[in-house]
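Beneath this line is the structure, given in structure tokens, with notes to follow.
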Amino acid sequence: MKGITIKYKHRLIAIILLIAFFNMGILLISDETSSEFTSSDNYEYTENFIIYTVKEGDTLWNIVSNNIEYIESNNNNFHQIIDQISKCNHLDNKIIKPGQILNIPTKIE
């Protein structure tokens, strides 16, 4: 950089800093975007099912109420939907445990 005048050194440094800040901004935005999905990491959506990993404190009622917009039902009767989920997952007493994987049908008849 001996041959570059002070005027151009400042411009070069400014450009390098601008590029660095721009790249940091992109990284921060991508981190925010990826963190938006961490709350739904226990969901996977397929054509016919919502595959859900049960968390501590979950109930079938809460899971259905949080996903009702993705479940096609003739009357949105929660009891009917919960019964269908229980049958689909071979649940005897509708008790679910953390870590358990549930297949939630997206079409209830």
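- Note: S65 OG to L60 CG = 10.5 Å, rounded to the nearest 0.5 Å.
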Under the side-chain hydrogen bond (donor to acceptor under 3.5 Å, both in side chains) criterion, do N67 and Y52 qualify, and how do the steps go?
CA-CA 10 Å; N67 291 284; Y52 180 77; over 6 Å; no
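- The hydrophobic clustering, which links ILVMFWY residues whose side-chain heavy atoms are closer than 4.5 Å, places F49 and I71 apart.
- Cluster annotation: I85 and I51 are assigned to distinct hydrophobic clusters (Ile/Leu/Val/Met/Phe/Trp/Tyr, side-chain heavy-atom contacts under 4.5 Å, transitive).
- Partners of N62 according to the side chain to side chain donor-acceptor pair (under 3.5 Å) rule, which considers only residues two or more places apart in sequence or in another chain, are T59.
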Identify every side-chain donor-acceptor pair in residues 95-108 under 3.5 Å, counting partners at least two apart or on other chains, and give the distances.
residue	atom	partner	partner atom	Å
Q100	OE1	K97	N	2.9
T106	OG1	E47	O	3.2
T106	OG1	N48	O	3.1

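- Taken together through direct or relayed side-chain contacts under 4.5 Å among Ile, Leu, Val, Met, Phe, Trp and Tyr, V64 and V54 form part of one hydrophobic cluster.
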Could you go through the side-chain contact (heavy atoms from CB on, under 4.5 Å) check for I50 and I63 one step at a time?
CA-CA 10 Å; I50 300 167; I63 294 168; over 6 Å; no
